[in-house]
Amino acid sequence: MKVLDPGRTRRALSLNVTPLADCRYRVRGGTAEHVVRADELPWRCDCRDAAYRPDVRCKHVLGTYLHRQLAPAVRDALRSALGAS
């Protein structure tokens, strides 16, 4: 069983995720804007981390997942628990 990395989760929660067309999401925050494609598994991101470490989900994919799956109140509670901004 994989355990979420609190640091990566904290960074993912601080990202701004905006839905685009065709199951794509614009993810802003950090040094650059990225696009996550959620049209098939595994979800794909155009960031360097995703390219170099395909076995680990990047913070952009994690942030998109949290944005899609969690209610805003749950995301806020998780941010508070992890000390995310």
Exercise: identify the closest heavy-atom pair between [X] and [Y]:
X   : Y   : result
C58 : C45 : SG-CB, 3.5 Å
P19 : Y25 : CA-CD2, 3.6 Å
R28 : E33 : NE-OE1, 2.9 Å
K59 : L15 : O-CD1, 3.5 Å

Hey, are D22 and R37 close enough for a salt bridge, meaning a charged N less than 4.0 Å from a carboxylate O?
->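 No, this pair does not count.
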
Report the distance from atom [atom1] of [X] to atom [atom2] of [Y], rounding to the nearest 0.5 Å.
X   : Y   : atom1 : atom2 : answer
R68 : L66 : CZ    : CG    : 12.0 Å
R57 : L62 : CZ    : CG    : 10.5 Å
T64 : Q69 : OG1   : CD    : 11.0 Å
R26 : L20 : CZ    : CG    : 5.0 Å
L13 : L82 : CG    : CG    : 6.5 Å
H34 : H60 : NE2   : NE2   : 4.0 Å

Is any side-chain heavy atom of H67 closer than 4.5 Å to a side-chain heavy atom of T18?
->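 Heavy-atom side-chain distance check fails, nothing below 4.5 Å.
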
Count the heavy atoms belonging to other residues, nucleotides or ligands that lie under 6.0 Å from CZ of R48, then report whether that count exceeds 12.
-> no

Say whether V35 and L41 are linked into one hydrophobic cluster, either directly or through other cluster members, by side-chain heavy-atom distances under 4.5 angstrom.
->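 V35 and L41: separate clusters.
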
